[in-house]
Structures are given as C-alpha cells and as structure tokens.
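Beneath this line is the structure, given in structure tokens, with notes to follow.
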Amino acid sequence: MTAVTQPTPLPQPVTTLSRDDARRMALRAQGLLGAPDRRAGVRGVLRHLGAVQLDTISVLARSHELVPYARLGAVGRPAVEAAYWSASPAGAPAARPHSFEYWSHAACILPIEEWPHFAFRRRARRARGHRWHVMADSERSCAAVLDRLKADGPLTTSELGGGRNGGEWWDWSETKIAVEWLLDTGEVVCTERRAWKRVYDLAERAVPDDLLHDDLDDAECIRRLVAQAGAAMGVATRADLADYHRLKGEQVDAVVADSGLVPVEVEGWGKPAWADPAALAAPPRGRHRTTLLSPFDSLIWDRPRTERIFGFTHRLEAYVPRPKRIHGYFAMPLLAGGQLVGRVDPAREGSTLVARQVSMRGPKAVTPMAQALREAATWVGCDSVRVERCDDPKLAAALRTELTHMGD
C-alpha cells in the first residue's frame, strides 16, 4: 500500500492586517509612500526593488526610466541611464558595474549584488542545453564569440557580426544565438545598453571577483530571492512571492519558512500571506506620491495582486488589436492618495503631451490627474498638455479647466 504524503501544515499567522494596512505596506515597500531617498537616487531605487523591468516600448520614456521617475520625481533621463549602467570612457579602466541585465520577472535590470542569486537559473539553462534556438555548431559558435569578446569586448551584437539572418526579428544569426546562450548561462554578461542595444562582455571581466561565483546551491538562491521579493512587496501571498522573480510555487514553499518572512493574515485576501518583519515593525506613514505609473512598474506587475490590493484592473493593451482596446496603447495608471484612481494613454506631439484617452474614478481624481500630467510633461520637455478623449464628459471639462489653471 502506497503511503500518502501529507502537506506540510501552514504556520499560524503572527498578526492580522487590515486591507489598508497591507496596501500601505505595499506602497512603502515599493518606495511610493514616505519621503524618497534622494541621496541613494536611482541606484537606491534599483537596490530596493531588486528588479526593474526593461521593455522596448517608449511613449513618454522607456519603462525603466519611468520607474525611478515615479518614486523620485523629475530625475534627468540621462542621469537615470548613467545611474543604471557603468560605461567607462574609451581607454579608461572598466568601472565596477552597478547592475546587470538578466531574466527575472522578465528581462530586467538587477543590482550587481544579485548576480550569485541567479546561479540556479543559469544552471537550469545549461542543463536544458538550449533555449529558443538551437545552434548548428554550438561549440564552435560559442568559442568564436568568447574569443572575440576576450580580444575586443565589450561589444554589441552588430559589432560581433550581426543579429539577424535577414528575415523576421526571431530569425537570429548563429552569432546572436550563441551570445544570447552565453548570456543565459552566465559566461557572458550585459552590464550596459548602448542606444538600446545590449553590450556584451565576459562575465569574468565584468562581474566583480567577490560576486563572480555560482557556489550557492539552488535552495539558497531561491531563499534569497524570496526574501528579497518579500521585502520589496512588504506583504505577499505565495503566488506574489513566486511571480516577482518568476519562480515556481513549490520553490517558494520549499524555502519560505527559512526566508525570514513571517506568516500573517490579511483581511479579505483569503490566502496565507507573509510579511517582511521590518515592514511590520514600523507602521507605514508619510506623504503619498501622486504620479503616473508605467504599466511595467513592479507595484502593478501582477494583475491579481493589483486587483486584490487596489481593486483596480490593469492590463497592458499595446499588443491588443486597436479596435479591441479599452483604455489605450500604453495606459498608465494614476496613483494618488495611495490608491489607483484613473489612467491615461499618453503620447507626444512636438512640445505637447497628448492625453489620448483618460478615465478617472470620480471628481476627486481630477486635480491629481492634472498634477501628474503637468509634472510628466515638464519631465519629458513638453510645455503644454492636451486632452483628447475622456470617458466622462463632465470630468473631461473639469480636467481641461484644471490644466488651464495650472498653466497660468
């Protein structure tokens, strides 16, 4: 007779949190409640969040620029790029990198200190033997890329010989397949993007010696990532913890008891949750940020979590056919007073920020929306704001009036 394995009983919650407690803890953990740490700046935001997603779409700015903007205000865009990447002038010694690009929640900028934590993912890729593409001669192709980087690196794909065979974007050249495979498995690292192109270098040259190791076992890698995710979210369910760095639920289960996070109950969540003990120790207080959020912001990465915390359904519609879009191509949620109270699909026409489509949760959202639009316009070098469409004519008129008053 086969024995039935009983599930491990869940620990008893140490406390019960209200919905508002959980929401405020999440906002503070994400750097959107309380005074921003301007001395730590963009690098501090990155270290605190643990991952900032990259994406090709650029409307007001690229998403990885919008994330620190939402937390710090109008940081200059060149300063944001300089803070992330670690390029050195030609002929100068290589700078110690602050970050690297790898697969976390998606393609993300990660603090360089997290390099050892992704050893489990690099090992898994090596064990699989390929990712999306299979090389015709992997040994020869990888050796050629490594030799070239050793002699002439850091280099972009174009400098290595080109990224495509001439067809569609996924029709990669053998060189592109090889360098991306070496990136996946950790022999090559990207610590800079140049004109949106990855710049590849040998990991042994780019990653500091004290971090260049894969000796953490899988369980320790995952434990550290779960602990980091818990701190970055404040309070989270099992699914939340897994989604942050795209882990599996069973991986979270195996380490959460040793992660330092403590079990809590959250009113209305209906699922076990874990909280960062530091977040529990100090009640969240301070000024709420009023800002537009990138659809790829880690506060709203996960739709079920966003709905659970804010009662707000968020969906990126950039890849939805135009006739089926509800809120627009790159609808940016409006955060104000610790709530998500509207959204806008922005565009730029010369020196005008165009709010192509706006929706707001009632009259109280009008002034915050106007403030957020004006601030965003100034940040990207626009001197006026034009509202094209709004789902409520009365709120549209009030928003235009408010924008006019702010412009006076």
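Residue indices begin at 1 and follow the sequence shown.
Proximity of Leu72 to Arg38: side-chain heavy atoms (C-beta onward) are separated by under 4.5 Å at one or more points.
Side-chain contact, Tyr69 with Glu375: a donor N or O sits under 3.5 Å from an acceptor N or O.
A salt bridge is absent between Arg28 and Asp276; no separation between the charged side-chain nitrogens and carboxylate oxygens falls under 4.0 Å. With respect to Arg126 and Asp214, a salt bridge is recorded, a charged nitrogen being found less than 4.0 Å from a carboxylate O. Look at Arg23 and Asp20 and you find a salt bridge, because one of the NZ, NE, NH1 or NH2 atoms lies within 4.0 Å of a carboxylate O, short of that distance. Salt-bridge formation is not detected for the pair Lys197/Glu159: no Lys NZ or Arg NE/NH1/NH2 atom is positioned less than 4.0 Å from an Asp or Glu carboxylate oxygen. Under 4.0 Å is where a charged nitrogen must lie from a carboxylate oxygen, and between Asp345 and Arg356 at least one such pair does. A salt bridge between Glu388 and Arg386 is present, with a side-chain N of the basic residue lying under 4.0 Å from a carboxylate O of the acidic one.
In this structure, OG1 on Thr352 lies 6.5 Å from CG on Asp383, to the nearest 0.5 angstrom. The distance from the CG atom of Leu66 to the CZ atom of Phe330 is 6.0 Å, given to the nearest 0.5 Å. Here the CD1 atom belonging to Ile326 is positioned 10.5 Å from the OG atom belonging to Ser359, to the nearest 0.5 angstrom. Interatomic distance, CG of Leu334 versus CE of Met360, reported as 9.0 Å (0.5 Å rounding).
For an aromatic pair to be called close, the ring centres must be under 6.0 Å apart, and His245 with Trp301 fails this.
Listed by chain and number, the residues in a salt bridge (charged side-chain N to carboxylate O under 4.0 Å, His left out) with Glu65 are Arg77 (sequence neighbours excluded).
Just one residue in the list His64, Arg194, Arg62, Arg193 forms a side-chain hydrogen bond (donor to acceptor under 3.5 Å, both in side chains) with Glu81, and that residue is His64. With Phe100 as reference, Trp115 is the one residue of Tyr200, Trp85, Trp115 to meet the ring-ring contact (aromatic ring centres under 6.0 Å, His included) rule. Asp302 pairs in a side chain to side chain contact (heavy atoms under 4.5 Å, CB included) with only one of the listed residues (Ile309, Asp243, Thr237), which is Asp243.
Arg246 forms no cation-pi arrangement with Trp103, by the criterion of a distance under 6.0 Å to the ring centre and an angle within 45° of the ring axis.
Glu265 places no side-chain N or O within 3.5 Å of a backbone atom of Pro13 that could act as its donor or acceptor partner.
Remark: Asp209 CG is loosely packed, at most 12 non-hydrogen atoms of other residues, nucleotides or ligands lying under 6.0 Å away.
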